[in-house]
Number of protein chains: 2
Amino acid sequence: MTISTRKERQKEELKGKILQAAKELFMQKGFEDTSIRNIAEKIEYSPTTIYLYFKDKDDIFCELHREGFSLLNQYFRPLAHVSNPYERLKAINKAYISFAMENGELYDLMFIINSPMKSIQKDESDWEEGKRAFSFLVNTVQQCIDAGYFKNMQVEVVAFTVWSMVHGIASLEIRNRCPVVENLNEKDLALKASDMVNEILDRMHKK
Amino acid sequence: MTISTRKERQKEELKGKILQAAKELFMQKGFEDTSIRNIAEKIEYSPTTIYLYFKDKDDIFCELHREGFSLLNQYFRPLAHVSNPYERLKAINKAYISFAMENGELYDLMFIINSPMKSIQKDESDWEEGKRAFSFLVNTVQQCIDAGYFKNMQVEVVAFTVWSMVHGIASLEIRNRCPVVENLNEKDLALKASDMVNEILDRMHKK
DNA sequence: TAACTAACTTAACACCGTTAAGTAACTTAC
DNA sequence: GTAAGTTACTTAACGGTGTTAAGTTAGTTA
């Protein structure tokens, strides 16, 4: 027993090492500019070994994608204890933007990078953590509406708008497509961005 | 004279053919999945010929990037005649989202694709059409504020928020990261999306 | 007609993702 | 305790990529 569990554990360890190396390289150089050979070199194994643990390069991506949503949910977790739903919604925005700014390349992996999305979409089972993050937002918006905020608005419309705003800000910032807000460090930018979004929210519900 | 101008024209024509082929292939298969060889094959020249007209693959990208903003400005141009600035702002949103939905891959090229952004950022001179599109938005927002809309809000904040919203919607849609709004055709989606944004706008300024 | 030049091509380099076949170490069975 | 079998890994290769150096061919100029 102990012998085969050791083997199991060692396999798991190597898989973890591959993921760690891939993550670092993806974040450093981006997905396209990271080769299987680069990852292999980093962990001091031959490139083909990686194919014993992952189907292909996209498979590694999917695993990290899942990890990303798991981390996002960790940003969200403490906010579950904010009892006022509107305050919680604002906190979600702030957390989301902080997550995006602090984990730019991971965010990139989750929401911007194109290539292996095809495979993720087919494999709906892996999307779980993503759905969890999103339903946390939707539920919070629903509770806001129940509490009298966002009068006469559909929950999906509000949720999608909020998400669009924060994603828009985050992705424009990450891609440097944003010629307006400049010369700010990461933390100030996250603050300013979430302040902006939350100001809009205030104006939205005070009809 | 006529002989060298003919040569000049022929060179320009071939350059145009390369751009056209590259554009079609980028839109069809994406930037990364299009090779110089693919482009060369399409125009029935050898791959190396392309390097006589463009420095590298990124250089082709930059040229198309410029074209994209030029096209966006064409979507915007008719709106200059909308005299009411608030109506114009709403029209800008609608036009922007329509542009994104109708030219998904081009939009992708302009705002989402990562790779050669480095070179664009160094070459600030090429960014002109982009700046023009953005200042059309900023000027319109400024005129809205002058006309009493968006009381107590900074022009940059409003402009950036608007842009974030429409970009957020457009890019989530283009990347299929949007589990809420589904089962709609392109046109209905653009309509629904711009309605959403414009409803938010209405709520923003009626403080 | 000879030299020159511009436009294009051939062949190659060093990389890429991926796979088939081979090897070496360890585990199991007799 | 040795033979057979399995597991974990590597070597070598295929067909692709972006890019460049060197070569060719046709048209222009002197």
Side-chain angles (χ1 to χ4, degrees), chain A residues 1-19 21-23 25-26 28-64 109 113-120, chain B residues 1-19 21-23 25-26 28-64 109 113-120:
Chain A
M1 262 301 175
T2 53
I3 182 156
S4 70
T5 56
R6 190 212 67 205
K7 284 201 157 190
E8 197 81 15
R9 194 183 65 237
Q10 281 183 337
K11 273 197 97 166
E12 215 55 45
E13 270 172 22
L14 185 46
K15 187 167 185 172
K17 270 179 105 171
I18 294 171
L19 281 173
K23 189 172 164 183
L25 288 172
F26 287 166
Q28 217 175 89
K29 323 202 294 170
F31 178 76
E32 297 290 347
D33 289 340
T34 300
S35 69
I36 297 285
R37 284 166 174 86
N38 294 154
I39 301 170
E41 197 179 10
K42 185 149 192 164
I43 59 170
E44 296 172 300
Y45 279 80
S46 91
T48 44
T49 298
I50 290 171
Y51 288 91
L52 301 172
Y53 293 84
F54 297 93
K55 194 179 136 288
D56 51 25
K57 200 183 170 188
D58 288 356
D59 195 22
I60 303 176
F61 176 92
C62 288
E63 189 83 33
L64 290 175
L109 222 69
I113 284 178
N114 208 1
S115 36
M117 207 55 202
K118 313 134 195 171
S119 43
I120 284 183
Chain B
M1 261 302 177
T2 53
I3 181 157
S4 70
T5 56
R6 189 213 66 206
K7 285 201 156 189
E8 198 82 14
R9 196 183 63 236
Q10 281 183 336
K11 274 199 95 166
E12 215 55 46
E13 271 172 20
L14 185 45
K15 186 166 185 172
K17 270 178 104 172
I18 295 171
L19 281 173
K23 188 171 163 183
L25 289 171
F26 287 166
Q28 216 175 88
K29 322 201 293 170
F31 178 76
E32 296 291 346
D33 290 340
T34 300
S35 70
I36 297 284
R37 284 167 175 84
N38 294 154
I39 301 170
E41 197 179 10
K42 184 149 192 164
I43 59 170
E44 296 172 300
Y45 280 80
S46 91
T48 44
T49 298
I50 290 172
Y51 288 90
L52 300 172
Y53 292 84
F54 297 93
K55 194 179 136 287
D56 51 26
K57 201 182 170 188
D58 289 356
D59 195 21
I60 303 176
F61 176 92
C62 288
E63 189 82 34
L64 290 175
L109 222 69
I113 284 177
N114 208 2
S115 36
M117 206 55 201
K118 312 134 195 169
S119 42
I120 284 183

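Here the structure is a predicted model, which is why all the values come from computation and not from measurement. Chain A is the first sequence line, chain B the second, and so forth, proteins listed ahead of strands; every chain is numbered from 1.
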[X] side chain, from C-beta outward: closest of [options]:
{"X": "B:Leu14", "options": "C:dT18, C:dC8, D:dT19", "answer": "C:dC8"}
{"X": "B:Lys57", "options": "C:dT18, D:dG18, C:dT9", "answer": "D:dG18"}
{"X": "A:Thr49", "options": "C:dT9, C:dC16, D:dC9", "answer": "D:dC9"}

Send over the distance from [X] [atom1] to [N] [atom2], rounded to a whole Å.
{"X": "B:Phe61", "N": "D:dG18", "atom1": "CZ", "atom2": "P", "value": "15 Å"}
{"X": "B:Lys11", "N": "C:dC8", "atom1": "NZ", "atom2": "C1'", "value": "11 Å"}
{"X": "A:Tyr51", "N": "D:dT7", "atom1": "OH", "atom2": "P", "value": "23 Å"}
{"X": "A:Asp33", "N": "D:dG18", "atom1": "CG", "atom2": "P", "value": "13 Å"}

(message) Working to the nearest 0.5 angstrom, can you tell me the gap between B:Tyr53 OH and B:Lys11 NZ?
(response) 5.5 Å

(request) Look up atom CG in A:Leu52 and atom OH in A:Tyr45, then write down how far apart they are to the nearest 0.5 Å. (result) 11.0 Å

(message) Under 4.0 Å from OP1 or OP2 of D:dC9: is there any side-chain N or O of A:Tyr53 that close?
(response) yes

(request) Could you identify which residues of residues 37-45 of chain A place a heavy atom less than 4.0 Å from some atom of DNA chain C, listed by residue number, or say none? (result) A:Arg37, A:Asn38

(request) Assign a letter to each nucleotide of nucleotides 21-26 of chain D from its 5' end: B, base within under 4.0 Å of a protein heavy atom; S, sugar-phosphate only; -, no contact. (result) B-----

(request) For B:Leu52 and for A:Pro47, find the nucleotide of DNA chain C with the closest heavy atom, then tell me which residue's nucleotide is more 5'. (result) B:Leu52

Scan [X] against the nucleic acid and name what it touches under 4.0 Å (heavy atoms): base, sugar-phosphate only, or nothing.
{"X": "B:Phe54", "value": "nothing"}
{"X": "B:Ser35", "value": "sugar-phosphate"}
{"X": "A:Ile50", "value": "nothing"}

So, using salt bridge (charged side-chain N to carboxylate O under 4.0 Å, His left out) as the criterion, who are the partners of [X] when residues are at least two apart?
{"X": "A:Lys57", "value": "none"}
{"X": "A:Lys29", "value": "none"}
{"X": "B:Lys42", "value": "B:Glu24"}

(request) Quantify the bending of the helix from C:dT1-D:dA30 to C:dC30-D:dG1 as the angle between its end axes, each fitted on five pairs, to 10°. (result) 20°

